[in-house]
Number of protein chains: 2
Amino acid sequence: MNFATLPRGFHFDAFRRISPVNEDSLWDIIFARNAHHITVKRRAPALANLQKIFSATFCLANQRGFGAMNLRDLCRESGLSMGGLYGYLQSKDQLSAMIEDVIRYLCEQLPGWFDHVSDTTDQVEAILRAHIYLSEMLHPWFFFVYLEARTVPTAQRKQAIAAELAIESHLARLLGQESRLSNAQDRLLAAHAMALIQDWHLKRWKYRREKISIDAFADSVIALVRARLTGA
Amino acid sequence: MNFATLPRGFHFDAFRRISPVNEDSLWDIIFARNAHHITVKRRAPALANLQKIFSATFCLANQRGFGAMNLRDLCRESGLSMGGLYGYLQSKDQLSAMIEDVIRYLCEQLPGWFDHVSDTTDQVEAILRAHIYLSEMLHPWFFFVYLEARTVPTAQRKQAIAAELAIESHLARLLGQESRLSNAQDRLLAAHAMALIQDWHLKRWKYRREKISIDAFADSVIALVRARLTGA
DNA sequence: GTCTATACAACGATAGAC
DNA sequence: GTCTATCGTTGTATAGAC
(Lines give C-alpha, C1' and ligand atoms only; values in the text may rest on other atoms or scores of the structure.)
Protein backbone atom coordinates (compact mmCIF):
# COMPACT_ATOMS: atom_id res chain seq x y z
CA MET A 1 0.00 0.00 0.00
CA ASN A 2 1.27 3.47 -0.84
CA PHE A 3 -1.30 5.58 0.95
CA ALA A 4 1.65 7.16 2.77
CA THR A 5 2.45 9.10 -0.41
CA LEU A 6 -0.89 10.97 -0.26
CA PRO A 7 -0.54 14.61 0.79
CA ARG A 8 -2.63 16.18 3.56
CA GLY A 9 -6.10 17.09 2.21
CA PHE A 10 -5.69 14.84 -0.87
CA HIS A 11 -8.34 15.02 -3.58
CA PHE A 12 -10.11 12.41 -5.73
CA ASP A 13 -7.61 12.06 -8.60
CA ALA A 14 -4.67 11.55 -6.24
CA PHE A 15 -6.58 8.87 -4.32
CA ARG A 16 -7.75 7.09 -7.45
CA ARG A 17 -4.20 6.93 -8.89
CA ILE A 18 -2.74 5.06 -5.92
CA SER A 19 -5.74 3.04 -4.74
CA PRO A 20 -5.18 -0.72 -5.15
CA VAL A 21 -8.94 -1.20 -5.37
CA ASN A 22 -10.95 0.35 -8.19
CA GLU A 23 -13.67 -0.40 -10.77
CA ASP A 24 -11.36 -2.85 -12.63
CA SER A 25 -9.52 -4.67 -9.86
CA LEU A 26 -12.78 -5.38 -8.04
CA TRP A 27 -13.69 -8.36 -10.25
CA ASP A 28 -10.56 -10.23 -9.17
CA ILE A 29 -11.46 -9.69 -5.50
CA ILE A 30 -15.01 -10.94 -6.06
CA PHE A 31 -13.82 -14.01 -7.98
CA ALA A 32 -11.31 -14.89 -5.25
CA ARG A 33 -13.72 -14.37 -2.36
CA ASN A 34 -16.43 -16.56 -3.96
CA ALA A 35 -14.23 -19.28 -5.55
CA HIS A 36 -15.80 -21.99 -3.38
CA HIS A 37 -19.27 -21.72 -4.89
CA ILE A 38 -18.57 -20.42 -8.41
CA THR A 39 -18.58 -23.58 -10.55
CA VAL A 40 -17.00 -21.79 -13.53
CA LYS A 41 -13.27 -22.18 -12.95
CA ARG A 42 -11.69 -20.57 -16.03
CA ARG A 43 -10.69 -17.08 -15.05
CA ALA A 44 -11.27 -15.04 -18.22
CA PRO A 45 -14.93 -15.92 -18.94
CA ALA A 46 -15.72 -15.83 -15.21
CA LEU A 47 -14.52 -12.23 -14.76
CA ALA A 48 -16.38 -11.10 -17.90
CA ASN A 49 -19.62 -12.76 -16.80
CA LEU A 50 -19.38 -11.48 -13.23
CA GLN A 51 -19.14 -8.00 -14.67
CA LYS A 52 -22.23 -8.58 -16.82
CA ILE A 53 -24.20 -10.07 -13.92
CA PHE A 54 -23.47 -7.33 -11.40
CA SER A 55 -23.93 -4.47 -13.86
CA ALA A 56 -27.33 -5.87 -14.78
CA THR A 57 -28.20 -6.42 -11.11
CA PHE A 58 -27.44 -2.79 -10.22
CA CYS A 59 -29.45 -1.54 -13.16
CA LEU A 60 -32.54 -3.58 -12.29
CA ALA A 61 -32.31 -3.42 -8.49
CA ASN A 62 -31.94 0.35 -8.50
CA GLN A 63 -35.10 0.62 -10.60
CA ARG A 64 -37.36 -1.77 -8.70
CA GLY A 65 -35.54 -2.92 -5.57
CA PHE A 66 -33.65 -6.18 -5.30
CA GLY A 67 -36.60 -8.21 -4.03
CA ALA A 68 -38.80 -7.11 -6.92
CA MET A 69 -36.11 -7.76 -9.54
CA ASN A 70 -36.57 -11.13 -11.20
CA LEU A 71 -34.02 -13.53 -12.61
CA ARG A 72 -35.63 -13.69 -16.06
CA ASP A 73 -35.02 -9.96 -16.52
CA LEU A 74 -31.54 -10.32 -15.07
CA CYS A 75 -30.74 -12.90 -17.75
CA ARG A 76 -32.07 -10.69 -20.53
CA GLU A 77 -30.17 -7.65 -19.21
CA SER A 78 -26.90 -9.52 -18.62
CA GLY A 79 -27.02 -11.62 -21.79
CA LEU A 80 -26.62 -14.90 -19.89
CA SER A 81 -29.12 -17.73 -19.84
CA MET A 82 -30.88 -19.01 -16.75
CA GLY A 83 -28.58 -22.03 -16.62
CA GLY A 84 -25.50 -19.91 -17.23
CA LEU A 85 -26.37 -17.62 -14.37
CA TYR A 86 -26.51 -20.50 -11.91
CA GLY A 87 -22.84 -21.24 -12.58
CA TYR A 88 -22.06 -18.12 -10.55
CA LEU A 89 -24.57 -18.35 -7.75
CA GLN A 90 -26.72 -20.94 -6.02
CA SER A 91 -29.66 -18.69 -5.26
CA LYS A 92 -30.90 -15.15 -5.73
CA ASP A 93 -30.03 -14.32 -2.12
CA GLN A 94 -26.42 -15.23 -2.72
CA LEU A 95 -26.23 -12.48 -5.32
CA SER A 96 -26.91 -9.78 -2.72
CA ALA A 97 -24.65 -11.57 -0.23
CA MET A 98 -21.69 -11.32 -2.64
CA ILE A 99 -22.23 -7.58 -3.00
CA GLU A 100 -22.54 -6.95 0.74
CA ASP A 101 -19.50 -9.12 1.42
CA VAL A 102 -17.03 -7.29 -0.78
CA ILE A 103 -18.12 -3.81 0.35
CA ARG A 104 -17.99 -4.80 4.01
CA TYR A 105 -14.53 -6.27 3.45
CA LEU A 106 -13.28 -3.02 1.91
CA CYS A 107 -14.84 -0.85 4.64
CA GLU A 108 -13.10 -2.94 7.28
CA GLN A 109 -9.74 -2.45 5.56
CA LEU A 110 -10.12 1.29 4.92
CA PRO A 111 -9.41 2.89 8.34
CA GLY A 112 -6.13 0.94 8.61
CA TRP A 113 -4.84 2.53 5.41
CA PHE A 114 -4.16 5.71 7.40
CA ASP A 115 -2.62 4.42 10.61
CA HIS A 116 0.60 6.18 9.62
CA VAL A 117 -0.93 9.68 9.78
CA SER A 118 0.42 11.25 12.98
CA ASP A 119 -1.96 14.20 13.46
CA THR A 120 -5.27 12.78 14.69
CA THR A 121 -7.54 15.33 13.01
CA ASP A 122 -5.70 14.78 9.73
CA GLN A 123 -6.26 11.04 10.16
CA VAL A 124 -10.01 11.60 10.56
CA GLU A 125 -9.96 13.77 7.45
CA ALA A 126 -8.08 11.10 5.47
CA ILE A 127 -10.54 8.36 6.49
CA LEU A 128 -13.54 10.50 5.57
CA ARG A 129 -12.01 11.47 2.22
CA ALA A 130 -11.10 7.86 1.39
CA HIS A 131 -14.66 6.81 2.20
CA ILE A 132 -16.18 9.42 -0.07
CA TYR A 133 -13.75 8.70 -2.91
CA LEU A 134 -14.12 4.92 -2.65
CA SER A 135 -17.92 5.23 -2.75
CA GLU A 136 -17.50 7.36 -5.88
CA MET A 137 -15.42 4.71 -7.66
CA LEU A 138 -17.73 1.89 -6.54
CA HIS A 139 -20.91 3.93 -6.56
CA PRO A 140 -23.43 1.24 -7.61
CA TRP A 141 -22.01 -1.15 -5.02
CA PHE A 142 -22.31 1.28 -2.11
CA PHE A 143 -25.71 2.45 -3.29
CA PHE A 144 -26.99 -1.13 -3.39
CA VAL A 145 -25.61 -2.05 0.02
CA TYR A 146 -27.06 1.01 1.63
CA LEU A 147 -30.55 0.69 0.17
CA GLU A 148 -30.91 -3.08 0.36
CA ALA A 149 -29.42 -3.62 3.83
CA ARG A 150 -32.86 -3.97 5.43
CA THR A 151 -34.08 -6.58 2.90
CA VAL A 152 -31.24 -9.09 3.25
CA PRO A 153 -31.35 -12.13 5.60
CA THR A 154 -30.82 -11.39 9.30
CA ALA A 155 -27.31 -12.82 9.70
CA GLN A 156 -26.06 -10.81 6.75
CA ARG A 157 -27.69 -7.64 8.04
CA LYS A 158 -26.11 -8.05 11.48
CA GLN A 159 -22.66 -8.15 9.90
CA ALA A 160 -23.37 -4.97 7.96
CA ILE A 161 -24.57 -3.18 11.10
CA ALA A 162 -21.50 -4.29 13.07
CA ALA A 163 -19.23 -2.99 10.31
CA GLU A 164 -20.91 0.43 10.31
CA LEU A 165 -20.71 0.69 14.11
CA ALA A 166 -17.02 -0.29 14.05
CA ILE A 167 -16.09 2.53 11.68
CA GLU A 168 -18.16 4.98 13.69
CA SER A 169 -16.55 3.97 16.99
CA HIS A 170 -13.12 4.28 15.39
CA LEU A 171 -13.95 7.81 14.24
CA ALA A 172 -15.45 8.76 17.60
CA ARG A 173 -12.30 7.59 19.41
CA LEU A 174 -10.08 9.67 17.11
CA LEU A 175 -12.34 12.72 17.44
CA GLY A 176 -12.30 12.34 21.23
CA GLN A 177 -8.54 12.81 21.29
CA GLU A 178 -8.75 16.28 19.78
CA SER A 179 -12.11 17.77 20.70
CA ARG A 180 -13.30 19.73 23.70
CA LEU A 181 -16.69 18.02 23.34
CA SER A 182 -18.24 15.38 25.60
CA ASN A 183 -18.00 11.66 24.72
CA ALA A 184 -21.65 11.65 23.68
CA GLN A 185 -21.06 14.64 21.43
CA ASP A 186 -18.03 12.93 19.86
CA ARG A 187 -20.16 9.88 19.04
CA LEU A 188 -22.86 12.08 17.53
CA LEU A 189 -20.30 13.96 15.45
CA ALA A 190 -18.95 10.64 14.15
CA ALA A 191 -22.51 9.55 13.29
CA HIS A 192 -23.12 12.85 11.48
CA ALA A 193 -19.90 12.42 9.51
CA MET A 194 -21.03 8.94 8.40
CA ALA A 195 -24.44 10.31 7.38
CA LEU A 196 -22.81 13.05 5.31
CA ILE A 197 -20.48 10.74 3.39
CA GLN A 198 -23.31 8.27 2.74
CA ASP A 199 -25.29 11.18 1.30
CA TRP A 200 -22.80 11.31 -1.58
CA HIS A 201 -23.82 7.98 -3.03
CA LEU A 202 -27.47 8.29 -1.97
CA LYS A 203 -28.06 11.63 -3.67
CA ARG A 204 -25.55 11.61 -6.50
CA TRP A 205 -28.33 12.56 -8.90
CA LYS A 206 -28.71 15.84 -7.00
CA TYR A 207 -25.02 16.72 -6.89
CA ARG A 208 -24.62 15.90 -10.60
CA ARG A 209 -27.54 18.11 -11.44
CA GLU A 210 -26.17 21.05 -9.46
CA LYS A 211 -22.69 20.41 -10.91
CA ILE A 212 -21.11 19.94 -7.50
CA SER A 213 -17.81 18.07 -7.90
CA ILE A 214 -16.77 15.30 -5.57
CA ASP A 215 -13.83 17.43 -4.39
CA ALA A 216 -16.12 20.35 -3.53
CA PHE A 217 -18.38 17.94 -1.66
CA ALA A 218 -15.54 16.35 0.31
CA ASP A 219 -14.07 19.76 1.17
CA SER A 220 -17.45 20.88 2.46
CA VAL A 221 -17.89 17.81 4.68
CA ILE A 222 -14.39 18.26 6.11
CA ALA A 223 -15.01 21.97 6.75
CA LEU A 224 -18.21 21.16 8.62
CA VAL A 225 -16.55 18.57 10.87
CA ARG A 226 -13.53 20.81 11.53
CA ALA A 227 -15.79 23.77 12.36
CA ARG A 228 -17.57 21.71 15.00
CA LEU A 229 -14.25 20.46 16.43
CA THR A 230 -12.63 23.85 16.77
CA GLY A 231 -15.66 26.16 16.94
CA ALA A 232 -18.12 27.18 19.65
CA MET B 1 -51.79 27.17 13.48
CA ASN B 2 -50.16 28.02 16.80
CA PHE B 3 -46.54 27.48 15.90
CA ALA B 4 -46.00 31.09 16.99
CA THR B 5 -46.28 29.92 20.61
CA LEU B 6 -43.16 27.73 20.27
CA PRO B 7 -40.10 29.14 22.08
CA ARG B 8 -36.70 29.53 20.41
CA GLY B 9 -34.89 26.16 20.36
CA PHE B 10 -38.11 24.21 21.09
CA HIS B 11 -37.83 20.50 21.81
CA PHE B 12 -39.87 17.44 20.79
CA ASP B 13 -42.58 17.45 23.46
CA ALA B 14 -43.40 21.11 22.88
CA PHE B 15 -43.69 20.54 19.11
CA ARG B 16 -45.80 17.41 19.50
CA ARG B 17 -48.24 19.16 21.82
CA ILE B 18 -49.13 21.92 19.38
CA SER B 19 -48.69 20.14 16.03
CA PRO B 20 -52.00 19.82 14.15
CA VAL B 21 -50.63 16.75 12.38
CA ASN B 22 -49.66 13.63 14.32
CA GLU B 23 -50.01 9.82 14.33
CA ASP B 24 -53.78 10.07 14.95
CA SER B 25 -54.89 13.00 12.81
CA LEU B 26 -53.05 11.59 9.80
CA TRP B 27 -55.80 9.11 8.91
CA ASP B 28 -58.29 11.93 8.37
CA ILE B 29 -55.90 13.64 5.98
CA ILE B 30 -55.35 10.41 4.03
CA PHE B 31 -59.07 9.69 3.82
CA ALA B 32 -59.80 13.21 2.58
CA ARG B 33 -56.98 13.28 0.01
CA ASN B 34 -58.01 9.92 -1.50
CA ALA B 35 -61.82 10.22 -1.27
CA HIS B 36 -62.18 10.06 -5.06
CA HIS B 37 -60.94 6.48 -5.39
CA ILE B 38 -61.81 4.95 -2.00
CA THR B 39 -65.10 3.15 -2.63
CA VAL B 40 -65.79 2.71 1.09
CA LYS B 41 -67.66 5.87 2.05
CA ARG B 42 -68.53 5.32 5.71
CA ARG B 43 -65.95 7.18 7.74
CA ALA B 44 -65.47 4.98 10.82
CA PRO B 45 -64.64 1.63 9.16
CA ALA B 46 -62.59 3.42 6.50
CA LEU B 47 -60.28 5.11 9.02
CA ALA B 48 -59.83 1.85 10.94
CA ASN B 49 -59.05 -0.15 7.80
CA LEU B 50 -56.66 2.47 6.44
CA GLN B 51 -54.75 2.22 9.69
CA LYS B 52 -54.60 -1.58 9.38
CA ILE B 53 -53.53 -1.43 5.73
CA PHE B 54 -50.73 1.09 6.15
CA SER B 55 -49.38 -0.43 9.37
CA ALA B 56 -49.16 -3.80 7.63
CA THR B 57 -47.59 -2.20 4.55
CA PHE B 58 -44.82 -0.58 6.59
CA CYS B 59 -44.13 -3.80 8.43
CA LEU B 60 -43.81 -5.88 5.26
CA ALA B 61 -42.17 -3.27 3.01
CA ASN B 62 -39.50 -2.47 5.56
CA GLN B 63 -38.61 -6.15 5.74
CA ARG B 64 -38.52 -7.02 2.04
CA GLY B 65 -38.96 -3.81 0.07
CA PHE B 66 -42.26 -2.64 -1.37
CA GLY B 67 -41.83 -4.35 -4.74
CA ALA B 68 -41.13 -7.71 -3.12
CA MET B 69 -44.05 -7.41 -0.72
CA ASN B 70 -47.13 -9.26 -1.96
CA LEU B 71 -50.79 -8.49 -1.49
CA ARG B 72 -51.63 -11.90 -0.03
CA ASP B 73 -49.27 -11.29 2.88
CA LEU B 74 -50.62 -7.77 3.20
CA CYS B 75 -54.11 -9.20 3.59
CA ARG B 76 -52.99 -11.68 6.23
CA GLU B 77 -51.05 -9.01 8.13
CA SER B 78 -53.82 -6.39 7.95
CA GLY B 79 -56.70 -8.78 8.58
CA LEU B 80 -58.56 -7.72 5.43
CA SER B 81 -59.44 -9.97 2.54
CA MET B 82 -58.20 -9.52 -1.01
CA GLY B 83 -61.56 -8.10 -2.06
CA GLY B 84 -61.78 -5.86 1.00
CA LEU B 85 -58.37 -4.40 0.26
CA TYR B 86 -59.45 -3.33 -3.21
CA GLY B 87 -62.08 -1.07 -1.67
CA TYR B 88 -59.24 1.24 -0.64
CA LEU B 89 -56.98 1.08 -3.67
CA GLN B 90 -57.17 0.23 -7.34
CA SER B 91 -53.69 -1.25 -7.65
CA LYS B 92 -50.60 -2.03 -5.64
CA ASP B 93 -48.84 1.04 -7.06
CA GLN B 94 -51.56 3.29 -5.70
CA LEU B 95 -50.68 2.14 -2.21
CA SER B 96 -47.18 3.65 -2.46
CA ALA B 97 -48.59 6.70 -4.24
CA MET B 98 -50.87 7.47 -1.29
CA ILE B 99 -47.93 7.32 1.12
CA GLU B 100 -45.71 9.54 -1.01
CA ASP B 101 -48.55 12.00 -1.55
CA VAL B 102 -49.32 12.73 2.10
CA ILE B 103 -45.66 13.08 3.12
CA ARG B 104 -44.91 15.37 0.19
CA TYR B 105 -47.97 17.45 1.09
CA LEU B 106 -46.76 17.85 4.70
CA CYS B 107 -43.18 18.69 3.65
CA GLU B 108 -44.50 21.41 1.35
CA GLN B 109 -46.51 22.93 4.22
CA LEU B 110 -43.76 22.72 6.84
CA PRO B 111 -41.44 25.66 5.97
CA GLY B 112 -44.41 28.07 5.96
CA TRP B 113 -45.19 27.21 9.58
CA PHE B 114 -42.27 29.42 10.62
CA ASP B 115 -42.64 32.46 8.38
CA HIS B 116 -43.31 34.52 11.53
CA VAL B 117 -39.82 33.91 13.00
CA SER B 118 -37.94 37.19 12.51
CA ASP B 119 -34.32 36.08 13.06
CA THR B 120 -33.24 34.17 9.96
CA THR B 121 -30.92 31.70 11.70
CA ASP B 122 -33.64 30.95 14.25
CA GLN B 123 -36.02 30.30 11.34
CA VAL B 124 -33.58 27.79 9.85
CA GLU B 125 -33.29 26.12 13.24
CA ALA B 126 -37.09 25.94 13.61
CA ILE B 127 -37.51 24.36 10.17
CA LEU B 128 -34.80 21.77 10.84
CA ARG B 129 -36.25 20.93 14.27
CA ALA B 130 -39.79 20.62 12.90
CA HIS B 131 -38.49 18.30 10.16
CA ILE B 132 -36.74 16.04 12.65
CA TYR B 133 -39.69 15.99 15.05
CA LEU B 134 -42.26 15.36 12.32
CA SER B 135 -40.21 12.46 10.95
CA GLU B 136 -40.13 11.07 14.49
CA MET B 137 -43.91 11.17 14.83
CA LEU B 138 -44.45 9.75 11.35
CA HIS B 139 -41.35 7.59 11.28
CA PRO B 140 -42.62 4.65 9.18
CA TRP B 141 -44.01 7.07 6.59
CA PHE B 142 -40.78 9.01 6.14
CA PHE B 143 -38.72 5.82 6.19
CA PHE B 144 -40.87 4.32 3.45
CA VAL B 145 -40.79 7.41 1.23
CA TYR B 146 -37.05 7.74 1.54
CA LEU B 147 -36.21 4.12 0.79
CA GLU B 148 -38.83 3.46 -1.88
CA ALA B 149 -38.51 6.74 -3.82
CA ARG B 150 -36.41 5.09 -6.55
CA THR B 151 -38.87 2.22 -7.11
CA VAL B 152 -42.02 4.27 -7.73
CA PRO B 153 -43.26 5.28 -11.22
CA THR B 154 -41.37 8.13 -12.90
CA ALA B 155 -44.01 10.86 -12.57
CA GLN B 156 -44.37 10.21 -8.85
CA ARG B 157 -40.60 10.20 -8.35
CA LYS B 158 -40.21 13.54 -10.15
CA GLN B 159 -42.65 15.15 -7.72
CA ALA B 160 -40.71 13.79 -4.75
CA ILE B 161 -37.42 15.11 -6.16
CA ALA B 162 -38.93 18.53 -6.81
CA ALA B 163 -40.23 18.68 -3.23
CA GLU B 164 -36.81 17.86 -1.77
CA LEU B 165 -35.09 20.46 -3.95
CA ALA B 166 -37.68 23.08 -2.96
CA ILE B 167 -36.99 22.67 0.76
CA GLU B 168 -33.26 22.70 0.15
CA SER B 169 -33.42 25.89 -1.95
CA HIS B 170 -35.54 27.51 0.74
CA LEU B 171 -32.95 26.63 3.40
CA ALA B 172 -30.05 27.75 1.20
CA ARG B 173 -31.72 31.12 0.64
CA LEU B 174 -32.20 31.64 4.37
CA LEU B 175 -28.64 30.54 5.15
CA GLY B 176 -27.34 32.92 2.48
CA GLN B 177 -28.80 35.90 4.35
CA GLU B 178 -26.70 35.23 7.44
CA SER B 179 -23.53 33.46 6.36
CA ARG B 180 -20.19 34.74 5.17
CA LEU B 181 -19.97 31.71 2.88
CA SER B 182 -20.26 31.63 -0.92
CA ASN B 183 -23.56 30.75 -2.62
CA ALA B 184 -22.21 27.31 -3.51
CA GLN B 185 -21.20 26.73 0.11
CA ASP B 186 -24.65 27.79 1.31
CA ARG B 187 -26.27 25.26 -1.03
CA LEU B 188 -23.92 22.53 0.19
CA LEU B 189 -24.65 23.40 3.82
CA ALA B 190 -28.39 23.16 3.12
CA ALA B 191 -27.82 19.76 1.46
CA HIS B 192 -25.79 18.59 4.46
CA ALA B 193 -28.54 19.71 6.83
CA MET B 194 -31.10 17.68 4.83
CA ALA B 195 -28.81 14.64 4.91
CA LEU B 196 -28.43 14.91 8.68
CA ILE B 197 -32.14 15.16 9.43
CA GLN B 198 -32.90 12.26 7.07
CA ASP B 199 -30.34 10.23 8.99
CA TRP B 200 -32.67 10.31 11.99
CA HIS B 201 -35.34 8.17 10.34
CA LEU B 202 -32.86 6.11 8.34
CA LYS B 203 -30.76 5.02 11.31
CA ARG B 204 -33.21 5.14 14.16
CA TRP B 205 -32.16 1.61 15.13
CA LYS B 206 -28.67 2.97 15.84
CA TYR B 207 -29.76 5.94 17.90
CA ARG B 208 -32.16 3.80 19.96
CA ARG B 209 -29.39 1.33 20.65
CA GLU B 210 -27.01 4.03 21.83
CA LYS B 211 -29.83 5.67 23.83
CA ILE B 212 -29.50 8.97 22.02
CA SER B 213 -32.71 10.95 22.47
CA ILE B 214 -34.33 12.87 19.66
CA ASP B 215 -33.65 16.15 21.51
CA ALA B 216 -29.93 15.33 21.85
CA PHE B 217 -29.86 14.49 18.15
CA ALA B 218 -31.63 17.69 17.09
CA ASP B 219 -29.39 19.81 19.34
CA SER B 220 -26.32 18.22 17.76
CA VAL B 221 -27.50 18.89 14.20
CA ILE B 222 -28.26 22.51 15.08
CA ALA B 223 -24.87 22.93 16.78
CA LEU B 224 -23.12 21.58 13.68
CA VAL B 225 -24.93 23.94 11.29
CA ARG B 226 -24.45 26.95 13.60
CA ALA B 227 -20.73 26.16 14.00
CA ARG B 228 -20.30 26.20 10.21
CA LEU B 229 -22.26 29.48 9.92
CA THR B 230 -20.36 31.41 12.56
CA GLY B 231 -17.03 29.52 12.61
CA ALA B 232 -13.89 29.49 10.46
C1' DG C 1 -19.33 -24.20 -19.63
C1' DT C 2 -23.56 -22.62 -21.49
C1' DC C 3 -27.83 -23.40 -23.54
C1' DT C 4 -33.23 -24.63 -24.03
C1' DA C 5 -37.16 -26.53 -21.95
C1' DT C 6 -39.91 -27.19 -18.18
C1' DA C 7 -41.64 -27.98 -13.19
C1' DC C 8 -44.79 -26.16 -10.13
C1' DA C 9 -45.66 -22.63 -6.65
C1' DA C 10 -47.05 -17.87 -6.07
C1' DC C 11 -48.31 -13.51 -8.17
C1' DG C 12 -51.92 -9.34 -8.97
C1' DA C 13 -56.42 -8.68 -10.01
C1' DT C 14 -61.48 -9.64 -10.57
C1' DA C 15 -66.26 -11.80 -10.49
C1' DG C 16 -70.01 -12.94 -8.06
C1' DA C 17 -71.95 -14.70 -3.49
C1' DC C 18 -73.35 -12.95 0.88
C1' DG D 1 -68.95 -3.39 2.36
C1' DT D 2 -66.53 -7.61 2.65
C1' DC D 3 -65.94 -12.27 1.59
C1' DT D 4 -64.38 -16.75 -1.25
C1' DA D 5 -63.07 -18.71 -5.53
C1' DT D 6 -60.64 -18.45 -9.58
C1' DC D 7 -58.36 -16.34 -13.88
C1' DG D 8 -54.13 -15.96 -16.58
C1' DT D 9 -49.38 -14.68 -15.73
C1' DT D 10 -44.98 -14.78 -13.85
C1' DG D 11 -41.73 -16.31 -10.24
C1' DT D 12 -37.30 -19.31 -8.87
C1' DA D 13 -34.91 -23.24 -9.75
C1' DT D 14 -33.43 -27.48 -12.20
C1' DA D 15 -32.74 -31.31 -15.74
C1' DG D 16 -30.66 -32.68 -19.64
C1' DA D 17 -29.03 -31.45 -24.52
C1' DC D 18 -25.08 -29.51 -26.79
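All chains are named by letter (A, B, ...) in the order of the sequence lines, taking the proteins before the strands, and each is independently numbered beginning at 1.
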Touch class at under 4.0 angstrom, heavy-atom based, for A:G84 against every strand present: base

Neighbours of DNA chain C within residues 32-42 of chain A, by heavy-atom distance under 4.0 Å: A:T39, A:V40, A:K41, A:R42

Aromatic ring pairing A:H201/A:F142, orientation class (parallel under 30°, perpendicular over 60°, tilted between): tilted

Nearest-Å distance for atom pair CZ/P, residues B:R76 and C:dA10: 12 Å

Least distance between heavy atoms, A:I132 atom then A:S135 atom: O-OG, 3.0 Å

Distance-only polar pair, side chains of B:D199 and B:Y207, donor-acceptor under 3.5 Å: yes

B:L60 CG to C:dG12 P, straight-line distance once rounded to whole Å: 11 Å

For B:D101, side-chain hydrogen bond (donor to acceptor under 3.5 Å, both in side chains) partners two or more places apart: B:R33

Touch class at under 4.0 angstrom, heavy-atom based, for B:N49 against every strand present: sugar-phosphate

Euclidean distance, atom CG of residue A:L80 to atom C1' of C:dT2 [Å, nearest integer]: 8 Å

Donor + acceptor pair across side chains of B:T151, B:E148 (<3.5 Å): yes

Worked verdict on A:K203 versus B:E168 for salt bridge (charged side-chain N to carboxylate O under 4.0 Å, His left out): CA-CA 13 Å; A:K203 301 269 184 63; B:E168 202 173 300; 5.9 Å; no

Six-ring centre of B:Y88, B:K52 cation under 6.0 angstrom, axis tolerance 45°: no

Centroid-centroid under 6.0 Å between A:W141 and A:W27 rings: yes

Spacing between B:Q94 atom CD and C:dG12 atom C1', to the nearest angstrom: 14 Å

Spacing of B:F66 atom CZ relative to C:dC11 atom C1', expressed in whole Å: 14 Å

Separation of C:dA13 C1' from B:Y88 OH (nearest whole Å): 18 Å

Candidate list B:Q198, B:R104, B:Q159, test side chain to side chain donor-acceptor pair (under 3.5 Å), partner B:E164, passing option: B:Q198

Protein N or O to nucleotides 13-15 of chain D N or O, pairs below 3.5 Å:
from	atom 1	to	atom 2	distance (Å)
D:dA13	OP2	A:Y86	OH	2.8
D:dA13	OP2	A:K92	N	3.2
D:dA13	O5'	A:Y86	OH	3.4

